[in-house]
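Input: a single structure, listed below in structure tokens.
Just so you know, these numbers come straight off a predicted model, no measurement behind them. Values reported hereafter were calculated over all heavy atoms of this structure, with side chains retained and with hydrogens, waters and symmetry mates removed. Each ligand, and each atom within it, is numbered from 1 in the order the structure gives.
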Amino acid sequence: MVAIGKPRGTRDFTPDEMERRRAIEKKMRDVFERYGYREIVTPTIENMSLFTMKSGEGIVEETYAFNDKSGRMLALRPELTAPAMRFYLEKLQMEPKPLKIYYFGNCFRYDRPQKGRYREFWQMGCELIGSDKPEAIAELISTAYFVLKEAGLKNVQLRTGDLDILRSSIEKLGVEKADEIMRLIDKSDYEGVESLIEEKSGADEFMEFLKCRDFKSLGKFFDDVKIKRLGDVLEWLSVFGTPYILDTSIARGLDYYKGIVFEIDAPSLGAEKQLCGGGEYSLIPLLGGKDVPTSGFAIGFDRIVLALEKEGFSFPPSKEIVCILPIGGEMRKEAISLATKLREKGIMVEVDLMRRSMQKSLQYADRIRAKFAIIVGPDEWKKGTVIIKNMQSGEQKEVRKKELHNFL
Ligand code: AMP
């Protein structure tokens with residue numbers, strides 16, 4: 001035990017873990033960029049009011065907030081949509097539309113930590129500003145779906161719904177506690193919903209609506225005009241080649257969501273299986289700006305890594321390193337100058353910094369999984385050569401220094 005550990009709900013990442021995370025991150029960035037999204041970065045801290053003015057109850061309680069030395073109320077960002085919209089209003093309004101931006105950053109929530117739920121976690125997400133055409137929303141949803149597939153996940157499930165339809169069906173019930181019902185639906189607490197509405201006429205129909213998973217059957221509950229937009233988006237999803245399930249019961253936690261919403265799960269993860277959530281929202285008017293169509297999604301990056309591990313994904317092997325080992329003290333400078341030359345050529349090189357014996361150095365090269373050891377001895381050096389040892393086969397070979405780069 002160390003005297004001072006890390007805060008609850010936070011993690012350290014080892015070099016091996018970081019290599020895996022960076023490899024996945026890179027693939028995901030590539031997909032976003034292929035869909036035309038460009039990266040933004042916003043501060044880790046924001047004014048607390050950015051998050052209090054717009055979201056439902058949950059997020060405020062979970063936000064890490066503090067007063068700075070001048071008494072400003074600041075927050076560690078719990079999510080990145082509001083910061084992205086703030087940035088848009090301050091700087092990006094004149095950009096050509098649609099404006100497509102993505103982010104990758106750490107977020108903080110004071111939540112009960114468990115597997116897949118942390119107090120510091122990473123979100124990767126996109127915001128699409130300027131179009132609410134059904135094909136635009138369908139492209140956004142497809143981006144989220146294909147980024148998860150290309151990250152390497154085999155088993156993901158995309159569910160798409162429509163909040164306007166859900167809210168209308170709650171209105172039809174004539175209950176006062178519409179927000180409460182939305183909250184219960186968001187938690188998939190259907191028994192809770194049932195007990196709240198059991199007195200109401202239309203309660204059975206509402207429960208049937210919540211379980212409706214096929215677009216044609218929606219016609220039983222609403223006229224064609226009401227469900228047209230959802231139908232259009234679903235049709236465009238098929239054009240984009242994106243498999244989806246209709247889910248009338250997606251409520252999304254935050255108040256500013258509206259219209260089309262979607263979630264993507266990795267069923268293998270159990271309780272914390274939601275990888276991605278998103279949809280259309282209206283946040284800009286709440287921040288005092290001129291309304292413009294906005295939609296977006298956030299992916300929980302840590303859960304991608306967990307889901308890949310669960311699925312037995314074979315992560316790319318570590319990059320191969322070469323170890324340069326001088327024979328005896330007098331070759332140390334030559335070994336270092338050789339290391340510099342190879343590094344300039346882009347080769348990953350370790351050179352002995354511990355003044356170890358040859359035997360110990362070779363053990364070290366083995367432990368760090370070096371592909372080759374380059375042994376620099378005085379006799380070979382004079383001839384312009386070095387010995388290369390293949391660490392896997394044990395085979396040794398004398399190679400001219402000039403040809404070393406090609407050989408490696
Ligand atoms: P949200 O902003 O709540 O819609 O979250 C978007 C995604 O971020 C979720 O689908 C999760 O994958 C991920 N996420 C949210 N909260 C956490 C957390 N505390 N720890 C890890 N991932 C999280």
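- Looking at Asp204, its side chain never comes within 3.5 Å of a backbone N or O of Glu208 through a donor-acceptor pair.
- Remark: Arg21 is positioned above the aromatic ring of Trp122, its terminal NZ or CZ atom under 6.0 angstrom from the ring centre and at most 45 degrees off the axis.
- For atom 4 (O) of ligand 1, the nearest non-hydrogen atom from the set Arg303, Arg252, Glu120, Met124 comes from Arg252.
- Under the side chain to side chain donor-acceptor pair (under 3.5 Å) criterion, Glu139 pairs with Lys100, not counting sequence neighbours.
- The closest heavy-atom contact to atom 5 (O) of ligand 1, among the options Gln123, Glu79, Gln114, comes from Gln123.
- The proximity of Cys276 to ligand 1, defined as any non-hydrogen pair under 4.0 Å, is limited to the backbone.
- Remark: Glu280 pairs with Arg229 by the side chain to side chain donor-acceptor pair (under 3.5 Å) rule, at least two apart or across chains.
- Neither the backbone nor the side chain of Asp302 has any atom closer than 4.0 Å to an atom of ligand 1 (non-hydrogen atoms only).
- Under 4.0 Å from ligand 1, heavy atoms of Arg117 appear from its side chain as well as its backbone.
- A cation-pi geometry, defined here as NZ or CZ lying under 6.0 Å from the six-membered ring centre and within 45° of its normal, does not hold between Arg109 and Tyr64.
- With 3.5 Å as the limit, one finds a donor-acceptor pair spanning the side chains of Asn106 and Glu120.
- Ligand 1 places these atoms under 4.0 Å from at least one heavy atom of Gly116: 20 (N), 21 (C), 22 (N).
- Selection from Arg119, Lys115, Gln274 by nearest heavy atom to atom 12 (O) of ligand 1 gives Gln274.
- Of all the atoms in ligand 1, the ones that sit under 4.0 Å from a non-hydrogen atom of Ala298 are 6 (C), 7 (C).
- Within a 6.0 Å radius of CZ in Arg369, other residues, nucleotides and ligands contribute 12 heavy atoms or fewer.
- Each of the following atoms of ligand 1 lies closer than 4.0 Å to a heavy atom of Leu275: 10 (O), 12 (O).
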